[in-house]
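Here the structure is a predicted model, which is why all the values come from computation and not from measurement. Atoms within a ligand are numbered from 1 in the order they appear, just like the ligands themselves. All values below come from the heavy atoms of this structure, side chains included, with hydrogens, waters and symmetry mates left out.
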Amino acid sequence: MFRKPRFNRPLRRGIAANVPPALRHANRLYADGQFLDAAAAFEELAHGAELRGIPQAAQLYMAAGRCRLELRQPDLAVKNFKRGLSMLAGQGRPIHIQRAAQHCISDLSKKGYLQEASEMMHLLNEYSPEAVEIEKPETALPIVHLPAVCPSCGGTLRSDEVDWIDDNSAECPWCGSSVISA
Ligand SMILES: [Zn+2]
């Protein structure tokens with residue numbers, strides 16, 4: 001009940017024309033390794049999306065968090081991650097929370113921020129104690145490969161983080177356009 005039914009979404013194939021230039025720009029900054037500018041850009045986009053009630057705000061906060069992590073700013077990273085997770089929780093998406101939080105935990109651990117990783121683990125338990133026990137349903141995911149980035153907005157795509165439309169296409173979590181598997 002929290003999400004728009006799929007048939008209300010414009011189903012766009014190929015390159016979507018109406019992707020916000022600021023989103024493309026932020027994704028390009030991230031891809032170029034300009035994490036300081038990318039973090040600021042994602043945070044601004046996330047704020048704007050949150051104010052307008054756009055569900056992609058969660059994804060944008062997570063991206064801002066990853067940039068802050070690259071900049072070795074764990075406090076700001078965790079702040080963004082928590083905001084993103086709370087937005088996913090507000091959307092009633094426990095599996096998405098679980099996957100997103102696991103990526104956060106893994107990214108924090110890899111950078112050596114074990115205390116922050118453990119903090120995120122506790123948070124994940126609070127959000128979805130039952131979901132934590134569930135193994136990632138890798139086998140349930142379509143056995144196709146998405147492009148590494150969305151052709152429309154340049155956002156990084158992870159096959160376990162997208163909503164699959166059918167066996168061959170998924171919805172870009174950044175811009176909502178339909179991405180066809182490679
Ligand atoms: Zn996209």
Side-chain angles (χ1 to χ4, degrees), residues 2-70 77 80-81 83-93 95-104 106-107 136 138 140-182:
F2 295 97
R3 309 191 60 207
K4 280 189 210 163
R6 205 174 290 286
F7 51 78
N8 275 352
R9 296 180 191 178
L11 193 63
R12 297 184 290 267
R13 298 263 171 195
I15 308 290
N18 56 347
V19 173
L23 175 60
R24 281 205 191 103
H25 182 62
N27 280 325
R28 195 160 48 237
L29 288 170
Y30 182 81
D32 289 348
Q34 297 183 49
F35 298 118
L36 190 58
D37 290 339
F42 279 128
E43 281 161 4
E44 196 179 328
L45 280 165
H47 275 293
E50 184 180 4
L51 287 175
R52 283 175 288 142
I54 296 171
Q56 275 87 356
Q59 177 81 5
L60 294 164
Y61 276 117
M62 304 312 269
R66 283 198 292 277
C67 294
R68 294 296 177 189
L69 203 50
E70 293 293 339
N80 279 308
F81 287 154
R83 193 82 204 107
L85 291 179
S86 80
M87 298 212 63
L88 287 175
Q91 294 162 15
R93 309 178 78 185
I95 297 297
H96 286 75
I97 294 170
Q98 187 199 6
R99 288 179 188 154
Q102 280 171 348
H103 282 304
C104 295
S106 154
D107 290 349
K136 282 171 85 174
E138 299 283 1
L141 295 170
I143 314 164
V144 290
H145 297 285
L146 286 174
V149 297
C150 169
S152 297
C153 72
T156 307
L157 299 173
R158 284 167 152 163
S159 63
D160 63 343
E161 281 186 353
V162 298
D163 285 330
W164 288 88
I165 297 164
D166 55 38
D167 284 351
N168 288 308
S169 54
E171 183 183 300
C172 171
W174 304 92
C175 69
S177 60
S178 171
V179 181
I180 298 165
S181 61

Under 3.5 Å, side chain of Trp174 to main-chain N/O of Leu157, donor-acceptor pair present? no
Are the side chains of Arg68 and Phe35 in touch, meaning some heavy atoms are under 4.5 Å apart? no
Qualifying residues under side chain to side chain donor-acceptor pair (under 3.5 Å), relative to Glu50, sequence neighbours excluded: Tyr61, Arg83
With a cut-off of 2.8 Å, which protein N/O/S atoms are close to the Zn ion (ligand 1), if we only count those under it? Cys150 SG, Cys153 SG, Cys172 SG, Cys175 SG
Side chain to side chain donor-acceptor pair (under 3.5 Å) with Asn27: which residues, sequence neighbours excluded? none
Sequence neighbours left out, what pairs pass salt bridge (Lys or Arg N to Asp or Glu O under 4.0 Å) with at least one residue falling in residues 28-42? none
Residue among Ser152, Pro147, Ser169 satisfying side chain to side chain contact (heavy atoms under 4.5 Å, CB included) with Val179: Pro147
